[in-house]
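Report on one structure; see the data block that follows.
Just follow the structure's listing: the first ligand is 1, and inside any ligand the first atom is 1.
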Amino acid sequence: MNYATIKNCDIANGPGVRVSLFVSGCTHHCPGCFNEVAWDFHYGEPFTQETIDQILEMLAPSYIKGLTLLGGEPFEPENQPAIVDLLIQVKKKYPNKSIWAFSGYLFDKDILSGRLGPWNVTEKFLGFLDVLVDGRFIESKKDLSLRFRGSSNQRLIDVPKSLKAGQVVLWDDWQGSGREMK
Ligand code: SF4
């Protein structure tokens, strides 16, 4: 996997101050995409253990509430294994920091269908997530007043509750900061 950018102080993509990893590679090609350069799987830098160590270090301060994965497309089959490797190390070191991901794929129709690469990898990825913001960016539904979303079709999904319930449960922890506040 390659990655485009890492932000060490992001307040736009999840609750609180977060570290954000923008991975490279996205096959959705939404018109009006905010990050078109990252459609190319070869864009940016190779994602290595050194990159993971850098992210672990960025996550250390207590004011950092968690890690957000976006792109590009974190759920592309090409990107999932490296992200799972990252999340294993993040959760081992920081079990109380929340994990958010943004995906153009739909949670129920695409991700849970098991068609995005080996299911055991996708299942592990989902097991680490607190919140998934799903759905492609749709320019005609763009709404700048929405928190953590670009267009109104996108959903903020509480992943642990949804997996338990067997149906989509929306995230409503607006006062908290993810896992830490529960
Ligand atoms: S899913 Fe995200 S990164 Fe991919 S094309 Fe759509 S807006 Fe851009």
TODO: Enumerate the protein N/O/S atoms at a distance below 2.8 Å from atom 6 (Fe) of ligand 1, ignoring waters.
DONE: Cys30 SG
Task: Heavy-atom side-chain proximity of Ile157 to Val169 below 4.5 angstrom - done: no
Task: Trp39 contact mode with ligand 1 (heavy-atom cut-off under 4.0 Å) - done: side chain
Task: Non-hydrogen side-chain atoms of Thr68 and Val19 separated by less than 4.5 Å - done: no
Task: Among Lys97, Lys65, Lys7, the one residue meeting side-chain contact (heavy atoms from CB on, under 4.5 Å) with Arg18 - done: Lys65
Open item on the list: Before we go on, tell me: are the rings of His28 and Tyr105 under 6.0 Å apart, centre to centre?
Closed with: yes
Task: For atom 2 (Fe) of ligand 1, closest protein heavy-atom neighbour - done: Phe34 CE2, 4.1 Å
- [ ] Measure centre to centre between the rings of Phe22 and Tyr3, then say whether the value is under 6.0 Å.
- [x] no
TODO: Look at the aromatic rings of Trp100 and Trp171 and report parallel, tilted or perpendicular, splitting at 30° and 60°.
DONE: perpendicular
Open item on the list: Pairing donors with acceptors under 3.5 angstrom, does anything connect the side chains of Glu73 and Ser103?
Closed with: yes
